[in-house]
There are 2 protein chains.
Amino acid sequence: MLSERQSMILNAIVDDYIRSAEPVGSRSISKRGDVAFSPATIRNEMADLEELGFLEQPHTSAGRIPSNRGYRYYVDHLAPLKPLKAEDLKLFKQLAAEKLSAVEEVVQHAGTILASMTNYTSILLGPEMFNTSLRHFQLLPLNETTAVAIIVTSTGEVENRTVSIPPGLSVSDMEQTVTLLNAKLAGVPMHKLKARLYSEIGQEIQRHAEHYEELMKLLDDSFTSGKDQKVFLSGTTNMLIQPEFRDIGKLKTVLDLLEETPTLTRLLNSDQKGIQVKIGSENVHQAFVNCSLITATYSLDGEAFGTIGILGPTRMEYAKVIGTLDLLSRAMSRALGGRYGA
Amino acid sequence: MLSERQSMILNAIVDDYIRSAEPVGSRSISKRGDVAFSPATIRNEMADLEELGFLEQPHTSAGRIPSNRGYRYYVDHLAPLKPLKAEDLKLFKQLAAEKLSAVEEVVQHAGTILASMTNYTSILLGPEMFNTSLRHFQLLPLNETTAVAIIVTSTGEVENRTVSIPPGLSVSDMEQTVTLLNAKLAGVPMHKLKARLYSEIGQEIQRHAEHYEELMKLLDDSFTSGKDQKVFLSGTTNMLIQPEFRDIGKLKTVLDLLEETPTLTRLLNSDQKGIQVKIGSENVHQAFVNCSLITATYSLDGEAFGTIGILGPTRMEYAKVIGTLDLLSRAMSRALGGRYGA
DNA sequence: GTTTAGCACTCATTTGAATAGAGTGCTAAC
DNA sequence: GTTAGCACTCTATTCAAATGAGTGCTAAAC
C-alpha cells in the first residue's frame, strides 16, 4: 500500500513525534540519516502521505503529525519490537519469584511496575471468576437476623456477603442445607451455581426443610456475586506530565473516566485473548479520543482470566508498551499459575 | 485577641477569598455592607492584621489573602456553621436507609456523596478492626501445600489469606486444632489473638499434635492481618478545577500522594475522635502545604472505628465542609451501627 | 481621637505591533 | 526522479506602552 520510501518517512515522523511531541518538519527527517533524501523530496512524499490520510498538518506552516491512521499503520507494520532493558526484565523475574500469596497483591504489584516502567497509566482487571468452580460454601450466623455467606473458589479466592436470615428458619435446617450444598455443588463452575441450585437442589431442600421459599431466597442472595471485577489503577498522575493534557479540560475528562470503575471494566474486557491496541478514536469512549489503550490478558491457573492495560496519549511509545505488556502478562500468568503445585 | 472590627474584617476577607480565589481589596469589603467603614479605615485595620500575621499580601499593589493563621482564627472563632441544604440532607437519609449489606459499600457510597456535595476530594478509611473480636476461624486446604485461612470478626467482616501447609501435617491434626481455636478464641479481641495463641493455646496444641512448630507458624501467619486499613478515594479530579492547582507541579505532588495508600492511612489516622482540621502547613506532609484536611470519625457497632476526610485547597469552604462531615459521620455510624438489630 | 477623602505611587496584567523563525509549496534546474 | 531556491504563511516571541486595581500616607472632617 505504501512505497518503501513512504513507509520509511512515516516511520521517521511517528518516531520523532513520539519523542518530541512537536510537529515534524522535512528538514529534521532529512538530517536523521536513515532517510537519505533532501527535504524537498521528503516534502513531496509528506504531501502524498497527508492526502492518503496518514499525516495531518496543524497549520500551513507547521510540520506534520501522524493521524490515527498513521499510528495504526505504524503499529501494524513498522513499530520495531524493542527488547526490554535488563533491569526491567529483572523486575519481572522478581514478580514471578515473590510468590505473593494473594492474587490481588500480584495484580496490584504488576500494575505499579507497569506504570513506573512505561510512565503511563496502568489499568488492571482482577481475574474474572467466570471459569472457576466452587470449592466451599458456608453460612455463618451473626445474630438472629443476619448471617455471612462465604464462598471459596477453586483458585482460593474468597467472596463474602451479608444476607438476612428469614425469621423462623431453624439453625439445624440451615446447617443441613449447607452440608447438602457442599456435597452437591463442590466443583461446579461459578456461573452455573444458580442454575444448579434451582434445578437440582431445590426439590431436595423442599423435602427436608420448612420455609422453602425463604431459604431459596437466602441462597440465591448468597450466590449473587456482588463484586464487580476489581480494578487496579496506577500511575494516573503520569497523565499530568503529557503535553497533550496541558489542557485541564481534556485532562479532567480522562481522569474522571478513570474513577468510573464499572466503565473501565467494560472498556477493558473483551473476549479476545492476547494483545490489543486501540488508537484514539478507535476507542468507543469519547473521553479517550486523545488516548491509546493497549491491553493484554493473563490467566490464573488457566481458569480465570484478567486484563492488564496501559493508557497513554495517542502519541505513545507503542513498541515499548506492547513489548512490556506481552512479557508482563506472561510473567503474571506464570506467577499466578504456579501457585498450587499441581 | 482581635477587636470586634478586626474580626469582622478578617471574616469578610476570608469569606470573599474563599469565594473568589483573588486577593481581597479594601474597597470590595467596604462595599459588602456588613462592614460599614470606608476603604481607608479598612486599609488601616488590614495593615494591622497583616502585622499580626493573619493576612498576607502577594505584592505591594494587591489585596490581602488570609495566612494559615488567618484561616485558623476563622475556623476557630468565625466560621458560621451553615445549615445544609435540604437536598443534601435527603442524600444522608438515603444512605442510612439503604441498608447496604457490606460495610465497604456504605463507606464507598459515603465517599462519593461527600465528594460530589463538597466538590473537593474525599478520603475515607475503612473501619479499623482493632476493637472487634473473633467470631469464627477456619482453615480450608486447597491442595497438599496451601490452604486458605478465613477469619470472621464480630462485625461480620471477613478476612482471608493464603498460607502454606507444613509438609507432613495431618488433616485431622489441622481440624482438631481449628476446633480448639474456635472454642478458645471466639470473642477474643482481634489485637489480642496472637498473644492468646502463644499464652494459652500453645501448650494445648503441643500436647495433642505433632509438628508443633510448623503448626504455630501456620496459625501465626493466619492471624497476621495482611490488609492495611482500606482507603477509599473519590473526587480526586476536583483538585484539577481549583485555581491554586493550575500549576501542574503542585497538582502532581498532591495527586501522587493520593496514590500512596499507606501514607494516607497514616495521615488520616489519629486517636482523637471527632472533627479535626489541619490547615496548610499544619499538615505534617510536605505535599499538603497548600491544602487543608478535615477529618471526622465514624464507628461500626461501637467497636471498630474509621475515618472520613475531605482534602481541598487551604482556601476551602470550611463551614460547609465541617458541617457536612459532622452530619455524614453520624449518619454513617447510624447506618453501620444499626445493622444487627439488638 | 477616630474616621475618611484625596492623591501619589507600585506593580501585575493586558494589549498591540514588530520581529523572528520554522516550515511549506511551487518552479526551475540538475 | 531529485533537489536547490525562493516566496509565502503562520505561530511564537519580544518589548514597550497602557491599564487598572490596590495600597500607604497625609491632611481634613467629624
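Residue numbers begin at 1 in each chain, while the letters A, B, ... track the order of the sequences. The basis for the numbers below is simple: all heavy atoms, side chains too, and nothing from hydrogens, waters or symmetry mates.
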Nearest whole angstrom, please: distance from the [atom2] of [N] to the [atom1] of [X].
{"X": "B:I9", "N": "C:dT3", "atom1": "CD1", "atom2": "P", "result": "10 Å"}
{"X": "B:R27", "N": "D:dT23", "atom1": "CZ", "atom2": "C1'", "result": "13 Å"}
{"X": "A:H59", "N": "D:dT11", "atom1": "NE2", "atom2": "P", "result": "5 Å"}
{"X": "A:Q6", "N": "D:dG1", "atom1": "CD", "atom2": "P", "result": "13 Å"}
{"X": "B:L49", "N": "D:dT23", "atom1": "CG", "atom2": "C1'", "result": "15 Å"}
{"X": "B:N44", "N": "D:dA27", "atom1": "CG", "atom2": "C1'", "result": "13 Å"}
{"X": "A:I42", "N": "C:dC26", "atom1": "CD1", "atom2": "C1'", "result": "17 Å"}
{"X": "B:K31", "N": "D:dA21", "atom1": "NZ", "atom2": "C1'", "result": "11 Å"}

Contact under 4.0 Å: [X] side-chain N or O vs [N] OP1/OP2:
{"X": "B:R5", "N": "C:dT3", "value": "yes"}
{"X": "A:T41", "N": "D:dT3", "value": "yes"}
{"X": "A:T60", "N": "D:dC8", "value": "no"}
{"X": "A:R64", "N": "C:dA22", "value": "no"}
{"X": "B:S38", "N": "C:dT3", "value": "no"}

Review point. Is it true that A:D15 and A:R19 have a side-chain N and a carboxylate O under 4.0 angstrom from each other?
Key: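 Between A:R19 and A:D15 there is no salt bridge, as every charged N stays at least 4.0 Å from the carboxylate O atoms.
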Residue [X], side-chain atoms from C-beta onward, closest of [options]:
{"X": "B:Q57", "options": "D:dT11, D:dG24, D:dA4", "value": "D:dG24"}
{"X": "B:M46", "options": "D:dT3, C:dT3, D:dT23", "value": "D:dT23"}
{"X": "A:R43", "options": "D:dT23, D:dG5, C:dT4", "value": "D:dG5"}
{"X": "B:F37", "options": "C:dT4, D:dT11, C:dC11", "value": "C:dT4"}

On a heavy-atom basis, which atom in [X] and which in [Y] lie closest, and how many Å separate them?
{"X": "A:M46", "Y": "A:I13", "result": "CG-CD1, 3.9 Å"}
{"X": "A:P39", "Y": "A:S30", "result": "CD-OG, 3.6 Å"}
{"X": "A:S270", "Y": "A:Q276", "result": "OG-NE2, 2.7 Å"}

Point to revise | Partner residues of B:S292 under the side-chain hydrogen bond (donor to acceptor under 3.5 Å, both in side chains) criterion, sequence neighbours left out | key: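 Per chain and number, B:S292 pairs via side-chain hydrogen bond (donor to acceptor under 3.5 Å, both in side chains) with B:Y318.
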Point to revise | Under 3.5 Å donor-acceptor pair, B:S61 side-chain atoms to C:dT10 base atoms | key: yes
